[in-house]
K.L.:
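Starting off with a structure, shown below.
Along the sequence shown, residues are numbered consecutively beginning with 1.
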Amino acid sequence: MPLSQQEIDRLTPDIPAPPEGLPESIREAVAEKHMEPWMRRLSWTQFLLAGEFAQRVRHAAEEVHGAWHAGIGFIPFAGLPEIPGRWPPEIAAAIEKSGYLWGGRILTSGSERPYVYGGDVYSVGDDFAFPILVIPARNTPQAMEVSASGQLLGTAACWVRGRAINRYFANQEGCLTAAHVLGAGIPAVSVRANGSQYSARRPVFAPPCVDAVFLDTGWPSVAPTQFSAPDVSWLSAGDPTLFSGAVSAGVAGFVTDISAHAHYTGSAVPMILCHDGLGSNGDSGSLVEVGHQLAALHLSQIMTDTGSYESRTLLLQQVERVLDVDLYQ
């Protein structure tokens with residue numbers, strides 16, 4: 001069941017997270033605007049991402065057989081015999097109605113039923129205890145299958161230019177999409193943008209472990225506008241999302257969870273954000289707005305064994321740093 005703004009507000013504690021556990025970059029803003037629902041959501045998201053809870057989630061991912069995603073935020077708990085954790089009565093009622101709760105989750109390719117990792121919860125004060133759930137799920141990339149030359153494969157996210165300090169492709173221009181869109185052995189693809197078609201002659205760079213590729217294309221005749229991806233420290237579970245791909249248009253949703261490795265920006269572990277707006281095959285590579293900021297690259301659909309569906313995206317903050325490019329729209 002998709003989230004709604006009303007349910008998100010009811011699920012969020014009516015107090016901000018403890019300030020001593022928050023990143024310094026947002027602590028002052030939370031103190032000034034702690035009564036606003038979006039700021040309370042941000043405080044709890046970043047509190048859980050920045051401290052001991054995130055460490056517990058990452059440790060669980062190392063221990064659980066077949067784990068392929070570790071996230072923190074709003075977690076669907078279908079398949080469990082009872083609501084895990086400890087909550088004030090009004091939040092417990094919202095959890096029961098919505099089917100979501102605050103916590104961590106490990107998605108696994110294993111065949112077990114959903115369960116609470118370690119049978120334990122992470123307590124904050126007397127009212128809140130956050131569980132880590134282990135949930136069997138499948139991940140399906142949303143590129144097209146290739147059966148004929150010239151067929152639509154996916155969606156170009158935005159234009160990119162190698163930064164001047166990049167020793168391998170300084171100032172080179174092209175576009176960005178999901179690496180899996182190209183598949184294996186595809187010599188060239190066509191990119192459509194703003195009614196024009198561009199030939200992508202070759203990949204410039206596709207880093208290991210991060211599903212993104214810089215394609216060598218022409219540059220539009222009207223110079224695009226540069227933008228920067230938001231820092232993950234200002235993203236929150238429950239933020240509104242929006243994207244349009246080559247197949248789907250105006251897909252809206254809300255952030256469910258953010259990678260437990262969110263503050264790591266190297267290439268070894270992808271920084272993933274999940275939301276409940278669903279795309280179609282051909283939408284891989286789409287640019288995704290998060291909280292009205294251009295923040296992520298659409299990759300795939302997640303389906304859990306309990307029947308919930310979400311979209312999986314890669315945060316552009318990591319793409320900028322690992323590919324060493326500037327982004328343009």
K.L.:
For Leu11 and Leu101: C-alpha separation, side-chain torsions, deciding distance, then whether side chain to side chain contact (heavy atoms under 4.5 Å, CB included) applies.
P.N.:
CA-CA 7 Å; Leu11 287 166; Leu101 50 75; 5.6 Å; no
K.L.:
Assess Arg161 against Tyr328: is NZ or CZ under 6.0 Å from the centre of the six-membered ring, and within 45 degrees of the ring's axis?
P.N.:
yes
K.L.:
Would you say the side-chain atoms of Ser98 pair up with the backbone N or O of Ala94, donor to acceptor, closer than 3.5 Å?
P.N.:
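Present.
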K.L.:
Find the distance between OG (Ser284) and CG (Leu297) and round it off to the nearest 0.5 Å.
P.N.:
8.5 Å
K.L.:
Using every non-hydrogen atom in the two residues, find where Arg86 and Ser123 come nearest and quote the distance to one decimal.
P.N.:
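Heavy atoms of Arg86 and Ser123 come nearest at NH2-OG, 3.4 Å.
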K.L.:
Please check if the number of heavy atoms outside Asp126 that lie under 6.0 Å from its CG is greater than 12.
P.N.:
no
K.L.:
Does Arg58 use its side chain to pair, donor to acceptor, with the backbone of Ala260 at less than 3.5 Å?
P.N.:
yes
K.L.:
With rounding to the nearest 0.5 Å, note down the distance linking CZ in Phe254 to OG in Ser236.
P.N.:
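Reported value, rounded in 0.5 Å steps: 11.5 Å.
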K.L.:
Can you label the angle between the Phe130 ring and the Trp87 ring as parallel, tilted or perpendicular, going by 30° and 60°?
P.N.:
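Rings of Phe130 and Trp87: perpendicular, as their planes differ by over 60°.
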K.L.:
Does the side chain of Glu173 reach to within under 4.5 Å of the side chain of Val160, using non-hydrogen atoms?
P.N.:
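Glu173 does not reach Val160 side chain to side chain.
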K.L.:
Hydrogens and angles aside, do Asp283 and His298 bring a side-chain donor and acceptor to less than 3.5 Å of each other?
P.N.:
no
K.L.:
Return the minimal non-hydrogen interatomic distance between His69 and Cys274, and the atom names on each side.
P.N.:
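Between these two residues, the closest heavy atoms are NE2-SG, 3.9 Å.
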K.L.:
Quick check against the 3.5 Å criterion: does Glu7 have a side-chain atom that pairs as donor or acceptor with the backbone of Ser4?
P.N.:
yes
K.L.:
Charged N to carboxylate O under 4.0 angstrom, Arg105 versus Asp257?
P.N.:
yes
K.L.:
Would you say Met271 and Val232 make side-chain contact, with heavy atoms under 4.5 Å?
P.N.:
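In short, these two side chains touch, coming nearer than 4.5 Å.
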K.L.:
Walk me through whether His180 and Val213 qualify under side chain to side chain contact (heavy atoms under 4.5 Å, CB included).
P.N.:
CA-CA 9 Å; His180 71 262; Val213 61; over 6 Å; no
K.L.:
Does Tyr264 share a hydrophobic cluster with Leu315, counting links as ILVMFWY side-chain heavy atoms below 4.5 Å and allowing steps through other members?
P.N.:
no
K.L.:
Grab the two heavy atoms, one from Ser286 and one from Gly245, that are nearest each other, plus how far apart they are.
P.N.:
OG-CA, 3.1 Å
K.L.:
Is there a chain of hydrophobic side chains (I, L, V, M, F, W, Y, each step under 4.5 Å between heavy atoms) that links Met39 to Ile26?
P.N.:
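Result: yes, single cluster for both.
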K.L.:
Spell out, yes or no, whether Phe74 and Tyr309 are grouped together once hydrophobic residues are joined by side-chain heavy atoms under 4.5 Å, including indirect joins.
P.N.:
no
K.L.:
Run the side-chain hydrogen bond (donor to acceptor under 3.5 Å, both in side chains) test on Gln301 and Thr140 for me, step by step, so that the C-alpha distance in whole Å, both residues' side-chain angles and the decisive distance to 0.1 Å come before the verdict.
P.N.:
CA-CA 5 Å; Gln301 184 180 95; Thr140 305; 5.9 Å; no
K.L.:
Fit a plane to each ring of Phe214 and Phe169, take the angle between them on a 0 to 90° scale, and name the class: parallel (under 30°), tilted (30 to 60°) or perpendicular (over 60°).
P.N.:
perpendicular
K.L.:
Quick one: closest heavy-atom pair of Thr256 and Leu3, and the distance?
P.N.:
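For Thr256 and Leu3, the tightest heavy-atom pair comes out as CG2-CD1, 4.1 Å.
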K.L.:
Kindly work out whether a path of hydrophobic side-chain contacts (I/L/V/M/F/W/Y, heavy atoms less than 4.5 Å apart) joins Tyr122 to Tyr115.
P.N.:
yes
K.L.:
How many angstroms lie between atom CD of Gln317 and atom OG of Ser228, to the nearest 0.5 angstrom?
P.N.:
10.5 Å
K.L.:
Identify the residue among Thr177, Leu176, Val181 that makes a side chain to side chain contact (heavy atoms under 4.5 Å, CB included) with Leu215.
P.N.:
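In the set Thr177, Leu176, Val181, the residue that makes a side chain to side chain contact (heavy atoms under 4.5 Å, CB included) with Leu215 is Thr177.
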K.L.:
Could you check Val288 against Leu242 for side chain to side chain contact (heavy atoms under 4.5 Å, CB included), going step by step and ending with a plain yes or no?
P.N.:
CA-CA 6 Å; Val288 182; Leu242 182 67; over 6 Å; no
K.L.:
Give the minimum heavy-atom separation between Ala237 and Ile258, together with the two atoms involved.
P.N.:
N-CD1, 4.3 Å
K.L.:
Give the intermediate values and the outcome of side chain to side chain contact (heavy atoms under 4.5 Å, CB included) for residues Val204 and Tyr168.
P.N.:
CA-CA 9 Å; Val204 175; Tyr168 298 109; over 6 Å; no
K.L.:
Do the side chain of Trp68 and the main chain of Arg138 share a donor and acceptor less than 3.5 angstrom apart?
P.N.:
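No, Trp68 side chain to Arg138 backbone: no donor-acceptor pair under 3.5 Å.
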K.L.:
Kindly indicate whether the side chain of Leu327, heavy atoms from C-beta on, has any atom under 4.5 Å from the side chain of Leu316.
P.N.:
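Contact flag for Leu327/Leu316 side chains = yes.
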K.L.:
To the nearest 0.5 Å, tell me how far Leu278 CG sits from Glu310 CD.
P.N.:
8.5 Å
K.L.:
Might you confirm whether atom CD of Gln5 has over 12 heavy atoms from other residues, nucleotides or ligands at distances under 6.0 Å?
P.N.:
yes
K.L.:
With side chains defined as the heavy atoms from C-beta onward, is the minimum distance between Pro203 and Asp216 less than 4.5 Å?
P.N.:
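A side-chain contact under 4.5 Å is absent here.
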K.L.:
Hey, could you give me the CD1/OG1 distance between Ile272 and Thr313, rounded to the nearest 0.5 Å?
P.N.:
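So the gap between those two atoms works out to 6.5 Å.
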K.L.:
Taking Val269 as the starting point, is it possible to reach Leu49 by hopping between hydrophobic residues whose side chains are less than 4.5 Å apart?
P.N.:
no
K.L.:
Please determine if Asp326 and Arg163 form a salt bridge, counting it only when a charged side-chain N lies under 4.0 Å from a carboxylate O.
P.N.:
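Yes, charged N to carboxylate O under 4.0 Å.
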K.L.:
Taking the side chain as every heavy atom from C-beta outward, state whether Arg27 and Ser43 have any atom pair closer than 4.5 Å.
P.N.:
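Counting from C-beta outward, Arg27 and Ser43 never come under 4.5 Å.
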K.L.:
With no hydrogens and no angle check, just 3.5 Å: does a side-chain donor-acceptor pair link Thr241 and His275?
P.N.:
yes
K.L.:
Is it the case that the side chain of Thr306 and the backbone of Pro114 share a donor-acceptor pair, with hydrogens and angles ignored and the cut-off at 3.5 Å?
P.N.:
no
K.L.:
Applying ring pair (Phe, Tyr, Trp, His ring centres under 6.0 Å) to Phe128 and Trp102, what does each step give before you reach the verdict?
P.N.:
CA-CA 10 Å; Phe128 304 104; Trp102 281 92; 9.8 Å; no
K.L.:
Nearest 0.5 Å, what's the CG-CG distance between Asp324 and Asn166?
P.N.:
4.5 Å
K.L.:
When you check the gap from the basic side-chain N to the acidic O, do Arg56 and Glu52 get nearer than 4.0 Å?
P.N.:
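Glu52 and Arg56: salt-bridged.
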K.L.:
How about CD on Gln226, more than 12 heavy atoms from neighbouring residues, nucleotides or ligands closer than 6.0 Å, or not?
P.N.:
yes
K.L.:
Do Gln55 and His59 come close enough that some side-chain heavy atom pair is under 4.5 Å?
P.N.:
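Answer no - side chains too far apart.
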K.L.:
In the structure I gave you, are the side-chain heavy atoms of Leu299 and Arg312 within less than 4.5 Å of one another anywhere?
P.N.:
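Sidechains of Arg312 and Leu299: in contact.
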K.L.:
Can you establish whether the number of heavy atoms outside Glu96 located under 6.0 Å from its atom CD is more than 12?
P.N.:
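No.
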K.L.:
Taking all atoms of both residues into account, what is the closest heavy-atom pair of Leu235 and Gln46, and its distance?
P.N.:
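Minimum heavy-atom contact is O-NE2, 2.9 Å.
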K.L.:
With side chain to side chain donor-acceptor pair (under 3.5 Å) as the test, pick out the partner of Arg41 among Asp9, Thr12, Asp239.
P.N.:
Asp239
K.L.:
Between Val255 and Leu273, is any pair of side-chain heavy atoms under 4.5 Å apart?
P.N.:
yes
